[in-house]
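Every number for a ligand or one of its atoms is a count from 1 in the order of the listing.
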Amino acid sequence: MRGKAQPQQKPRLKTLERVFSKAGMGSRSDARSWIGSGQVRVNGKVVQNPDHWVDLDRDRITFQGKPLRMAEKIYILLYKPKGYITSYGDPENRPTVYDLTKEAGGWLAPVGRLDLDTSGLLLMTNDTAFAERITNPAHEIAKTYQVKASTLVTDDQLEQLRLGVELSDGRTRPALVRHLRDSARFSFLELTITEGRNRQVRRMIETLGCKVLKLVRVAIGPIRIGDLPIGKWRHLTAEERLLLGAQPAASGRAKRT
Ligand code: URA
């Protein structure tokens, strides 16, 4: 008589490129170049195809002769100054957020983007699944911006922003809008949006017939920039990691630059 069938465990199949990006060691193009240049072996054999499928439970993957290991997940919060670009390297040689985070260790990618002229809270991490969750509009993670508008803004105009405005790529979702204060010529507002389309806040303000003179992102979800000095970074605290659904820290840390 045959024994009872054992429940089958689903194989954990991934492409080699995906395994590297999940390991948090580098970008997808880094992974493709390491694999393409023959630095990666699967079960002892060099594999140069980044789309090669591997079973994480059975296949032995090595990189430069050493078993591939998952890098510790790192999550940092940078107060990006205006004038820095949110990408790695720039053909025009402008300063980048990597110039400010060299000591954070390991390979980190920005979680979404801030425009060159925008300052404020930028998360950076090697946890690609976390970055995807924070930036995917389907998850409706709130991003809060403080705006200096080029004119005084009326209550009717604030109401338009709250209800959603028509942009070239469609109507925006309703926004939370607080009128912080007015000076003689300018209004200061706080907008919370859950989408993150390209230059969204600037374009929303432009629908009112005025411009953004200054834009600062002050929060992502419940995480605020607080009193972090401009241009500096710190690790997310254990509580902040929990609040954002990031992985818990292996050991407590409170480092700041
Ligand atoms: N909205 C913008 O217009 N710019 C940013 O950098 C972020 C949000």
Residue pair Cys210 / Ile205, side-chain heavy-atom distance below 4.5 Å: yes
Is the closest N or O pair between Leu114 and ligand 1 shorter than 3.5 Å? no
Could you list which atoms of ligand 1 come closer than 4.0 Å to a heavy atom of Thr118? 4 (N), 5 (C), 6 (O)
Quick one, Thr118 and Arg202 - any side-chain contact, counting heavy atoms below 4.5 Å? yes
Closer than 4.0 Å to some heavy atom of Leu215 - which atoms of ligand 1 meet that? 1 (N), 2 (C), 3 (O), 4 (N), 5 (C)
Run the numbers for me: atoms of ligand 1, each under 4.0 Å from some heavy atom of Tyr145, listed by number. 7 (C), 8 (C)
When you compare ligand 1 with Asp115, is there at least one nitrogen or oxygen pair between them that comes in under 3.5 angstrom? yes
Please report the closest heavy-atom contact between Ile141 and Arg133, naming both atoms and the distance. CG1-O, 3.9 Å
Pair Leu158-Val153, side-chain contact (heavy atoms from CB on, under 4.5 Å): steps then yes or no: CA-CA 7 Å; Leu158 296 178; Val153 175; 3.7 Å; yes
4.5 Å side-chain heavy-atom contact, Phe188 and Lys214: no
Answer whether the closest heavy-atom distance between the side chains of Tyr145 and Leu114 falls below 4.5 Å. yes
Out of Ile205, Val216, Val212, Val201, who gets a non-hydrogen atom closest to atom 1 (N) of ligand 1? Val201
Heteroatom proximity flag, Arg202 to ligand 1, N/O under 3.5 Å: yes
